[in-house]
Amino acid sequence: MSTSDIVIVGAGPAGVRAAQTLVAYGQRPCLIDESLRGGGQIYRRQPANFKRPAKALYGFETSKAQALHAALDGLEGDIDYRPETLVWNAQQYALDTLAHGVAAQVPYKRLIVATGATDRILPVPGWTLPGVYSLGAAQIALKFQGCVIGERVVFAGSGPLLYLVAFQYAKAGAKVLAVLDSAPLIAQTRALPALLRQPATLAKGIYYRSWLTAHGIPVHQGVELYDIVGQQRVAGVHWRKGELTRSLDCDGVAFAHGLRSESQLADLLGCEFNWSPLNRAWLPLRDDRGRSSVADVYLAGDGAGIMGADAAELAGELTALTLLGDSGQHIDKARVGHLQGKLGAIQRFRHGLETAFPFPETWAAKAPDAMTICRCEEVSASDIRQSVAEGHWELNRVKAMCRVGMGRCQGRMCGLAAAEIVAQASGLDIASIGRLRGQAPIKPITFGVEAEQ
Ligand SMILES: Cc1cc2nc3c(=O)[nH]c(=O)nc-3n(C[C@H](O)[C@H](O)[C@H](O)COP(=O)(O)OP(=O)(O)OC[C@H]3O[C@@H](n4cnc5c(N)ncnc54)[C@H](O)[C@@H]3O)c2cc1C
């Protein structure tokens with residue numbers, strides 16, 4: 001049982017700043033996170049006995065990472081912190097958790113969902129081979145475990161993380177063979193005016209790219225990774241630019257096209273969702289103060305729309321202030337206005353990022369029939385197209401017909417790609433085919449768990 005009325009799910013930048021704000025106003029929230037030591041994705045901490053220095057782990061973001069870690073450590077004793085605890089189900093005023101094989105129910109009166117994001121995956125033939133990782137997973141291997149995913153690694157896809165992770169690998173001494181960016185250079189040039197709204201962030205992006213080129217690492221833009229080959233594990237990739245095709249031998253591939261929000265808990269809680277053209281995804285509705293459409297449920301950070309770590313910190317604080325205000329506490333209104341202003345500026349920058357790294361709209365049309373889309377249920381592009389040919393176009397109906405998104409990941413990996421294929425095959429707009437409904441457990445849980453005494 002939790003003794004806290006307020007529960008926060010997620011100890012990333014959003015969740016930690018929310019907890020800190022609540023404590024500053026005399027509350028004792030419960031902070032739950034499935035990871036070992038908090039910090040979220042960007043400021044993920046390595047296990048306590050690992051010794052890579054902070055500068056090597058976080059680069060330009062070292063001081064922000066250290067500040068967030070210090071904030072979390074400083075809350076010890078003031079919050080009910082539950083690391084290594086998965087929230088696998090959410091219902092009105094209660095969460096179902098699993099920690100070290102023990103299942104429990106955590107009641108709440110008010111809830112902040114700050115569950116962050118994962119990679120957006122657009123499969124490529126061969127993507128299920130051992131040695132192929134998402135960009136985020138490749139970064140976790142390095143950041144958390146000090147490991148690289150191969151001795152000769154190719155990075156592909158698009159988005160800011162592409163250049164950052166390639167840079168981090170090369171800087172750590174790994175052999176980076178190439179960076180294959182699906183976004184053409186012209187897109188990034190076009191995005192410059194919007195990106196200049198956050199000159200420091202833009203400068204970091206330019207630095208990573210220039211550093212790679214200066215160190216002899218080929219960066220190809222406007223190219224398409226179209227095949228990953230190998231028998232027991234990845235042995236190479238094929239990519240093309242227009243008519244020109246190229247091959248590279250490698251033993252590791254990391255790929256993704258941006259990020260997707262982890263919105264399943266909001267879904268299980270009954271939050272209303274809206275189509276977001278910017279994120280090309282369905283997102284839980286939140287007002288400009290962090291309130292969801294469900295009473296007493298608040299949303300902060302990337303879990304309700306990708307805006308990055310700085311925005312997540314601001315949103316965490318703003319959402320906590322909103323919650324406190326809604327509970328009748330007197331809050332600093334000037335601070336609320338300040339936070340909203342800063343978030344607005346970041347949102348405009350975010351439009352620039354989407355222009356710089358556009359979604360590859362032709363992906364679905366080119367996806368080969370035989371390619372696996374849902375690896376949990378082994379559903380191919382052709383299986384999905386067959387369901388559409390039989391007259392089904394609503395995504396949950398397609399799932400019922402061919403089992404796409406029905407496996408252990410519950411569509412977290414394949415759902416967006418499946419939706420793209422349904423839209424393309426049916427000729428309908430992506431926004432009109434619906435979204436996969438969340439189902440508990442949202443992540444795999446083990447059999448034979450004990451109930452908390
Ligand atoms: C793998 C990955 C790596 C990234 N690396 C970088 C980077 O190096 N630089 C950069 O600028 N941006 C990076 N990003 C983007 C950046 O992480 C986010 O913009 C930022 O961390 C958002 O903060 P947040 O607090 O909203 O969410 P997050 O930092 O994602 O934190 C969410 C937390 O919620 C927890 N959680 C989620 N679901 C549950 C659940 N059901 N039960 C319990 N706990 C749960 C997670 O364990 C996580 O700690 C990365 C994103 C990903 C997915």
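Both counts, for ligands and for their atoms, begin at 1 and track the order of listing. Position 1 is the first residue of the sequence; numbering continues from there. Heavy atoms only: backbone and side chains are in, while hydrogens, waters and symmetry mates are out. Computed from a predicted structure; not experimentally measured.
Electrostatic pairing of Arg291 and Asp326 counts as a salt bridge here, judged by a charged N lying under 4.0 Å from a carboxylate O. Classification of Glu420 and Arg280 as a salt-bridged pair holds, one side-chain N sitting under 4.0 Å from a carboxylate O. By the 4.0 Å N-to-carboxylate-O rule, Lys443 lies close enough to Glu34 to be salt-bridged with it. In summary, Glu317 and Lys342 do not engage in a salt bridge, as defined by a charged side-chain N under 4.0 Å from a carboxylate O. Using a cutoff of 4.0 Å between basic side-chain nitrogens and carboxylate oxygens, Asp73 and Arg45 are scored as salt-bridged. With respect to Glu84 and Arg82, no salt bridge is recorded, no charged nitrogen being found less than 4.0 Å from a carboxylate O.
The shortest N or O to N or O distance between Pro13 and ligand 1 is under 3.5 Å. Taking distance alone, with nitrogen or oxygen atoms compared against 3.5 Å, Ala309 approaches ligand 1 more closely than that limit. For ligand 1, the polar-atom distance check against Ala14 finds a nitrogen or oxygen pair separated by under 3.5 Å. When only interatomic distances are considered, the shortest N/O to N/O separation between Gln41 and ligand 1 falls below 3.5 Å. In terms of N/O distances under 3.5 Å, ligand 1 is approached by Gln139. Some N or O of Asp33 is nearer than 3.5 Å to an N or O of ligand 1, by distance alone. An N or O contact shorter than 3.5 Å is missing between Gln168 and ligand 1 by distance.
Proximity annotation for atom 39 (C) of ligand 1: of Arg17, Glu262, Glu34, Gln264, Glu34 comes nearest, heavy atoms only. For the residues Ile42, Leu164, Ile306, the heavy atom positioned nearest atom 13 (C) of ligand 1 is part of Ile42.
Ligand 1 places these atoms under 4.0 Å from at least one heavy atom of Gly10: 33 (C), 34 (O), 35 (C). Using a 4.0 Å cut-off to heavy atoms of Gly136, the atoms of ligand 1 that qualify are 1 (C). Per-residue contacts place Ala117 under 4.0 angstrom from the following atoms of ligand 1 (heavy atoms of the residue considered): 30 (O), 53 (C). Taking every heavy atom of Asp302 and a limit of under 4.0 angstrom, the matching atoms of ligand 1 come to 18 (C), 19 (O), 20 (C), 22 (C), 26 (O). Against a heavy-atom cut-off of under 4.0 Å, Gly301 is close to the following atoms of ligand 1: 26 (O). Of all atoms in ligand 1, numbered sequentially from 1 with element shown, those under 4.0 Å from a heavy atom of Gly12 are 25 (O), 29 (O), 31 (O). For ligand 1, the atoms closer than 4.0 angstrom to any heavy atom of Gly308 are 19 (O).
For residues 121-140, there are no salt bridge (charged side-chain N to carboxylate O under 4.0 Å, His left out) pairs, not counting sequence neighbours.
Note: Phe167 and Tyr208 have tilted aromatic rings, judged against thresholds of 30 and 60 degrees for the angle between ring planes. Using cut-offs of 30° and 60° on the angle between ring planes, the pair Tyr93 and Tyr108 is tilted.
Of all protein heavy atoms, the one closest to atom 15 (C) of ligand 1 is Leu259 CD1, 3.7 Å. Regarding atom 6 (C) of ligand 1, its nearest protein heavy-atom neighbour is Leu161 CD1, 3.6 Å. For atom 27 (O) of ligand 1, the closest non-hydrogen atom of the protein is Gly116 CA, 3.1 Å. From the protein, the heavy atom lying nearest to atom 37 (C) of ligand 1 is Thr115 O, 3.3 Å.
Around atom CD of Gln329, more than 12 heavy atoms belonging to other residues, nucleotides or ligands sit under 6.0 Å away. At most 12 non-hydrogen atoms from other residues, nucleotides or ligands lie less than 6.0 angstrom from NZ of Lys109. Shown here is Lys171, whose NZ atom has no more than 12 heavy atoms of other residues, nucleotides or ligands within 6.0 Å.
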TODO: Show the numbers, then the answer: is there a salt bridge (charged side-chain N to carboxylate O under 4.0 Å, His left out) between Lys175 and Glu151?
DONE: CA-CA 6 Å; Lys175 176 85 185 149; Glu151 291 182 4; over 6 Å; no
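The six-membered or imidazole ring of Tyr163 lies away from that of Phe155, with a centre-to-centre distance of 6.0 Å or more.
In this structure, Thr85 counts as a contact residue of ligand 1, since one of its heavy atoms falls inside 4.0 Å of the ligand.
Of all the heavy atoms of Leu135, none lies under 4.0 Å from any atom of ligand 1, so neither backbone nor side chain is involved. Heavy atoms from both the backbone and the side chain of Val87 come within less than 4.0 Å of ligand 1. Residue Ile442 touches ligand 1 through its side chain alone, judged by heavy-atom distances below 4.0 Å. For Ala312, every heavy-atom contact with ligand 1 shorter than 4.0 Å involves the side chain, none the backbone. Within the 4.0 Å heavy-atom criterion, the part of Ala114 lying near ligand 1 is the backbone and not the side chain. Contact annotation for Glu61 and ligand 1: no heavy atom of the residue comes within less than 4.0 Å of the ligand. Contacts between Lys143 and ligand 1, counted as non-hydrogen atom pairs separated by less than 4.0 Å, involve the side chain only.
Side-chain contact, Thr319 with Arg289: no donor N or O sits under 3.5 Å from an acceptor N or O.
Remark: the backbone N or O of Leu299 is not paired with any side-chain donor or acceptor of Ser292 at under 3.5 angstrom.
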